[in-house]
Protein chains: 2
Amino acid sequence: MITDQDALRSFAALAQETRLALYRRLVEAGPAGLSAGALAEALDVPAPTLSFHLAQLRGAGLITQQRSSRSLIYAVDVARMNDVIAFLSDRCCGGQPELCLPTPKSAPHARPRRKAV
Amino acid sequence: MITDQDALRSFAALAQETRLALYRRLVEAGPAGLSAGALAEALDVPAPTLSFHLAQLRGAGLITQQRSSRSLIYAVDVARMNDVIAFLSDRCCGGQPELCLPTPKSAPHARPRRKAV
DNA sequence: TTCATATTTCCAAATATATGGAAATATAAG
DNA sequence: CTTATATTTCCATATATTTGGAAATATGAA
């Protein structure tokens with residue numbers, strides 16, 4: 001589960017060019033994550049600016065932080081992203097989800113869904 | 001498909017309390033949508049403020065607008081939301097999606113996913 | 001210790017977003 | 001044509017976010 005405020009913070013966190021790029025870079029990196037330094041180099045962002053944006057993503061619960069010697073390693077929190085997606089998907093069409101399908105005829109041959117992120 | 005800018009605009013659109021409430025109210029309403037007036041009353045928002053927020057959601061492509069006599073009817077664009085979700089889900093773990101699953105053991109009994117929104 | 005590296009916190013200036021009253025536009029009814 | 005309803009656009013003010021240099025903190029190496 002996820003509160004309205006959590007969802008709001010998550011969208012706010014992703015609603016910024018640098019942060020969205022950071023998040024996607026971390027999705028790409030997978031569970032191993034990347035250090036702040038590696039991210040700074042990858043995206044060419046000054047350290048204080050990077051730190052600010054990572055803090056936003058972390059405050060939204062979208063990424064985790066872990067120290068490894070002098071480096072801080074960031075990685076996506078997949079479960080949280082799935083919660084955010086569920087937040088948007090739930091309670092559709094006043095409890096009649098079938099109304100939410102793009103078009104009636106597309107339902108029969110709908111492609112199988114993959115686990116998000 | 002969806003561009004980075006499109007995704008960014010979508011998150012920005014949802015990253016605001018009133019707009020998120022509007023969007024969710026429209027998800028609930030389903031394909032029939034709701035008029036600006038109905039939304040103004042439901043959320044108790046002054047007309048100009050409402051109009052501003054609806055324009056943001058529309059600019060992001062998340063909702064559609066259609067005139068019906070004197071009223072303007074707004075409804076969610078389900079296809080766009082699915083695109084936004086796909087944007088976040090794609091290219092995970094450097095091309096090894098299995099690494100992105102929350103935990104290895106949770107994969108076998110993963111629940112079936114429902115079409116988003 | 002002392003020094004170097006990695007990253008954060010502090011803070012002030014620049015930029016962007018949200019709010020709502022008053023006026024404008026669109027549509028329909030009498 | 002006049003009036004009423006529905007909604008938007010205009011615009012000034014208020015509020016929030018982003019930026020990056022300088023200084024502070026944390027860790028490890030010599």
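Labels below follow one simple rule: chain letters A, B, ... track the order of the sequence lines, proteins then strands, and each chain is numbered from 1.
The separation between R9(A) atom CZ and dA16(D) atom P is 15 Å, rounded to whole Å. Residue L8(B) contributes atom CG, which lies 11 Å from atom P of dT18(D) at whole-angstrom precision. Between L50(A) atom CG and dT9(C) atom C1' the separation is 14 Å, expressed in whole Å. L34(A) has its CG atom 15 Å from the C1' atom of dA6(C), to the nearest Å.
At a threshold of 4.0 angstrom between heavy atoms, the contacts of A36(B) are confined to the sugar-phosphate backbone, with no base atom among them.
Listed by chain and residue number, nothing satisfies the side chain to side chain donor-acceptor pair (under 3.5 Å) test with S68(B) (two or more places apart in sequence, or in another chain). For E17(B), there are no side chain to side chain donor-acceptor pair (under 3.5 Å) partners, not counting sequence neighbours.
Residues from residues 58-75 of chain B lying near DNA chain C, meaning a heavy-atom separation below 4.0 Å, are R67(B), S69(B), R70(B) in numerical order.
Side-chain atoms of R67(A) come within 3.5 Å of backbone N or O of S69(A) as a donor-acceptor pair. Judged by distance alone, with hydrogens and angles left aside, the side-chain atoms of R58(A) form no donor-acceptor pair with the main-chain N or O of A60(A) at under 3.5 Å.
Heavy-atom minimum distance, D4(B) versus L20(A): O-CD2, 4.3 Å. Scanning all heavy atoms of the two residues, the minimum distance from L62(B) to A13(B) falls at CD1-CB, 4.0 Å. Looking at every heavy atom in both residues, F11(B) comes nearest to A15(A) through C-CB, 3.6 Å. Nearest heavy atom pair, residue Q65(B) against residue L72(B), reads NE2-CD1, 3.6 Å. When all heavy atoms of I63(B) and L54(B) are compared, the closest pair comes out as CD1-O, 3.7 Å.
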At under 4.0 Å between heavy atoms, which parts of nucleotides 15-21 of chain C does protein reach? Answer with one letter per nucleotide, 5' to 3': B base, S sugar-phosphate only, - none. ---SBBB
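For the pair R25(A) and Y74(A), the NZ or CZ position fails the cation-pi test of under 6.0 Å to the six-membered ring centre and within 45 degrees of the ring normal.
Applying the side chain to side chain donor-acceptor pair (under 3.5 Å) definition to pairs two or more places apart or across chains, those involving residues 29-55 of chain B are R19(B)-H53(B).
Comparing the start and finish of the helix from dT1(C)-dA30(D) to dG30(C)-dC1(D), five pairs each, the helix axis swings through 20°, to the nearest 10 degrees.
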